[in-house]
Amino acid sequence: MSTSFNLLQYGIKNKETIRNASPAQLYQMAILYEKVAAISDKGALMLDSGEKTGRSPKDKRIIERPESVNDIWWGNVNIKMDEHTFNINIQRAIDYFNTRTRMYVVDGFAGWDPTYRIKVRVICTRPYHALFMNNMLIRPTQEELATFGEPDYVIYNAGEFPANPYTTHMNSRTSIDLCFERKQFVILGTEYAGEMKKGVFTIMNYIMPKIGVLSMHCSANEGADGDVSLFFGLSGTGKTTLSADPHRQLIGDDEHCWSADGVFNIEGGCYAKAVNLSAEKEPEIFQAIKFGTVLENVVYDPTTHEVDYDDTSITENTRASYPIEFIPNAKIPCVGGHPKNIIFLTCDAYGVLPPVSKLTPAQAMYHFISGYTAKVAGTEMGVTEPTATFSACFGAAFMVWHPSKYAELLAQKIQENNTHVWLVNTGWTGGAYGVGSRIKLRYTRAILDAIHNGELANAATVVDAIFGLEIPTSCAAVPSELLIPQNTWTSQEDYVATAKKLASLFNKNFETYKDGCSEEIINAGPVGNVEGRMQSVE
């Protein structure tokens, strides 16, 4: 820890600036200075993120500058802000910093490949935020820290202090603003730590594609033979659970890049959901919650400090942040070769997508741009209809370029490396939610094993006439009738009607992206107007 370090170059004049403190020191400061802080019975530091217990995507802004204005996919995800307003918010953060008696600085790297990594400096006022980013950035050695120099990007986290809602472009008292040209990122009005993590990811999503490197919202692991798999999927699809395979090394659980040399993790840690966590369901994550881990917004016994992971009275978005080396089979450094397999995970609550299907290159682009999953019905009585969710590139909230930019890079890298692409449904079978049942985890794991050992690449297949998906007809340890969705439905009429309904939702969603896509990709989507009979593939 350095206490002689200062922030005068940023206009910040504090009595004490603490740089890269150890977890033990940050624990001590959290207990002393945080409003709500406690240590769990397993040794994790438990903290409260305040009013905001999740990200605030509607309050995110990107500064409109002539250098990048034509690069950015402007709209509901990337909302414009002028530089004058950005200056007001930066100054508001600095003025707040100057009312504090101590500041915390974390200097670290984003990107495990030294060729592509960037230097990030986090300036914050809470030990909680410093420990969180110590976990999530790649931690420099003492030698690297001594020669760190000037950072590539600076995060000003003044989240304890609100934005002025009467300022131009403000929706609320929260504002999260990024300027690529000035390499600055400011946070006001939210203490949710995930804003910093996703801010770094957004930065990488802009600068990496500019140099031909694909940034991806996915997990990654590696087999004993060095074969790498990528797992894309929205929340609830199993991305974290399925990539944590005891027979494979974990490269990372959430954010990666694919360069000319292979895959590398962006982060130095994991940010796992903790809701309903148990040693039986997710042993690797459960065991990672120990000294050095940050637990956010969890409920615990005031006497024993044992955490009740099933209690969502504060939020359902309870989280655990820990260094990736806390996972026993993590691969350090977190880099791997070119992926042999890409797995798009979806939780289809309509129950019409197969447990596994092999995608053509055009279908891979279509489903990558679509980023589909379905959420089950809410708690309202009598409501059983699933809700389709689409998020471009399986992470639209963090994409800076038009989704076609990422899709073109993915297509290029798939072609160059002969990568297989699979769509794996972890959702329902035998009917939609409320009628059918969830596909058993053991079957999904057996499917992944068959992908990794090459069995499914050579399996006989049939083609679904509505979705055009090539479906294997057999897979070890998986009942053959489960592989063909319509065979699991009691009513074939209901199956076809539901499949057509989902197909129409796919097609409606894809209208937004047609202008940036080739006819081949557009035509790779579902048809939606045929009877739904299977066709054998020779």
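Being a predicted model, the structure only gives us computed values, none of them experimental. For the single chain, residues carry numbers from 1 onward in sequence order.
When side chains are defined from C-beta on, E222 does not count as touching L250, because their heavy atoms never get closer than 4.5 Å. Using a 4.5 Å cut-off on side-chain heavy atoms (C-beta onward), I266 and F201 make contact. Using a 4.5 Å cut-off on side-chain heavy atoms (C-beta onward), Y271 and N135 make no contact. Side-chain atoms of V120 and P151, non-hydrogen and from C-beta on, never get closer than 4.5 Å to each other. Using a 4.5 Å heavy-atom cutoff, the side chains of T125 and N157 are not in contact. Residues D82 and E64 have side chains not in contact (no heavy-atom distance under 4.5 Å, counting atoms from C-beta outward). Looking only at side-chain heavy atoms (C-beta outward), V122 and V105 stay at 4.5 Å or farther from each other.
Looking only at distances, a side-chain donor or acceptor of N265 sits under 3.5 Å from a matching main-chain atom of I251. Here the side chain of S49 pairs no donor or acceptor atom with the backbone of Y192 at under 3.5 angstrom. Under a 3.5 Å cut-off, the side chain of H169 and the backbone N or O of M81 do not form any donor-acceptor pair. Side-chain atoms of E67 do not come within 3.5 Å of backbone N or O of E181 as any donor-acceptor pair. No donor-acceptor pair under 3.5 Å is formed between the side chain of Y116 and the backbone N or O of I211. At least one donor-acceptor pair closer than 3.5 Å links the side chain of N98 to the backbone N or O of G11.
Here the options are V307, D308, I314, the test is side-chain contact (heavy atoms from CB on, under 4.5 Å), and the partner is D311; only D308 passes. Across K197, K273, R319, a single residue satisfies salt bridge (Lys or Arg N to Asp or Glu O under 4.0 Å) together with D254, and that is K197. The ring-ring contact (aromatic ring centres under 6.0 Å, His included) test with F232 singles out one residue from F344, Y372, W258, and that residue is F344. Among the candidates T312, L47, T315, the single residue satisfying the side-chain contact (heavy atoms from CB on, under 4.5 Å) test with N297 is T315. Residue T373 forms a side-chain contact (heavy atoms from CB on, under 4.5 Å) with just one option from L345, T426, T346, and that option is T346.
Heavy atoms only, all atoms of each residue included: Q184 and Y156 are closest at NE2-OH, 3.2 Å. Looking at every heavy atom in both residues, H305 comes nearest to A38 through CE1-CB, 3.8 Å. Minimum heavy-atom separation, A397 to K60: O-NZ, 2.7 Å. Taking every heavy atom of both residues into account, Y322 and A272 meet most closely at OH-CB, 3.8 Å. Between Q249 and A330 the shortest heavy-atom distance is NE2-O, 4.1 Å. Looking at every heavy atom in both residues, G269 comes nearest to D253 through O-OD1, 4.1 Å.
Rounded to the nearest 0.5 angstrom, K405 NZ and S215 OG are separated by 10.5 Å. The structure places SG of C334 at 12.0 Å from CG of D113, a figure rounded to the nearest 0.5 Å. Within the model, atoms SG of C179 and CZ of F86 stand 5.0 Å from one another, a figure rounded to the nearest 0.5 Å. Atoms OG1 and CG, on T174 and L188 in that order, are 8.5 Å from each other to the nearest 0.5 Å. Between the CZ atom of F132 and the CE atom of M196 there is a distance of 5.5 Å, given to the nearest 0.5 Å.
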Inset, instruction - Please lay out, stage by stage, how F97 and F161 fare under the test ring-ring contact (aromatic ring centres under 6.0 Å, His included). - result: CA-CA 9 Å; F97 290 156; F161 196 63; 9.7 Å; no
Inset, instruction - Would you sort out whether W401 and Y206 count as a ring-ring contact (aromatic ring centres under 6.0 Å, His included), showing the intermediate values? - result: CA-CA 7 Å; W401 301 81; Y206 178 63; 5.5 Å; yes
Inset, instruction - Take Y406 and F394 through the test ring-ring contact (aromatic ring centres under 6.0 Å, His included) and record every step on the way to the result. - result: CA-CA 11 Å; Y406 305 95; F394 295 94; over 10 Å; no
Inset, instruction - Kindly indicate, with the supporting measurements, whether the criterion side-chain contact (heavy atoms from CB on, under 4.5 Å) is fulfilled by K198 and E255. - result: CA-CA 10 Å; K198 290 306 184 186; E255 301 170 5; 3.3 Å; yes
Inset, instruction - Please report the C-alpha distance between D107 and R19 in whole Å, then the side-chain angles of each, then the deciding distance to 0.1 Å, and finally whether the salt bridge (charged side-chain N to carboxylate O under 4.0 Å, His left out) criterion is met. - result: CA-CA 8 Å; D107 284 341; R19 182 190 187 209; 2.8 Å; yes
Legend entry - Candidate pair I369 and F390, rule side-chain contact (heavy atoms from CB on, under 4.5 Å), full reasoning: CA-CA 9 Å; I369 292 172; F390 297 92; over 6 Å; no
Legend entry - Audit row: F264, H256, side-chain contact (heavy atoms from CB on, under 4.5 Å) steps and yes/no: CA-CA 6 Å; F264 63 88; H256 293 81; over 6 Å; no
Inset, instruction - For side-chain contact (heavy atoms from CB on, under 4.5 Å), just list the numbers for W74 and V69, CA-CA rounded to whole Å, side-chain angles, deciding distance to a tenth of an Å, and then say yes or no. - result: CA-CA 9 Å; W74 299 109; V69 67; 3.8 Å; yes
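In this structure, R445 has no salt bridge (charged side-chain N to carboxylate O under 4.0 Å, His left out) partners at least two apart in sequence or on a different chain. In this structure, the side chain to side chain donor-acceptor pair (under 3.5 Å) partners of S219, at least two apart in sequence or on a different chain, are S243. Residues passing the side chain to side chain donor-acceptor pair (under 3.5 Å) test with E306, sequence neighbours excluded: none. Partners of F326 under the ring pair (Phe, Tyr, Trp, His ring centres under 6.0 Å) rule, at least two apart in sequence or in another chain, do not exist in this structure.
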Below 3.5 Å, can you tabulate the donor-acceptor pairs from side chains in residues 275-289 to any protein atom, sequence neighbours excluded?
from	atom 1	to	atom 2	distance (Å)
S278	OG	K281	N	3.1
E282	OE2	T241	OG1	3.0

May I have the list of side-chain donor-acceptor pairs in residues 89-96 shorter than 3.5 Å, sequence neighbours left out?
from	atom 1	to	atom 2	distance (Å)
N89	ND2	S175	OG	3.4
N89	ND2	D177	OD2	2.7
Q91	NE2	D95	OD1	2.9
R92	NE	P162	O	2.6
R92	NH2	P162	O	3.3
Y96	OH	E160	OE1	3.2

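Sparse packing is recorded around NZ of K13, with 12 or fewer heavy atoms of other residues, nucleotides or ligands lying under 6.0 Å away. In the displayed structure, K42 atom NZ is contacted under 6.0 Å by at most 12 heavy atoms of other residues, nucleotides or ligands.
With salt bridges taken as basic N to acidic carboxylate O contacts below 4.0 Å, one links E325 and R139. A salt bridge links E83 with R65: the closest approach of a Lys/Arg side-chain nitrogen to an acidic carboxylate oxygen falls below 4.0 angstrom. At a threshold of 4.0 Å, the pair R173-E51 does not count as salt-bridged, since none of the basic side-chain nitrogens sits closer than that to a carboxylate oxygen.
Ring geometry for H217 versus F398: interplanar angle over 60°, hence perpendicular rather than tilted (30 to 60°).
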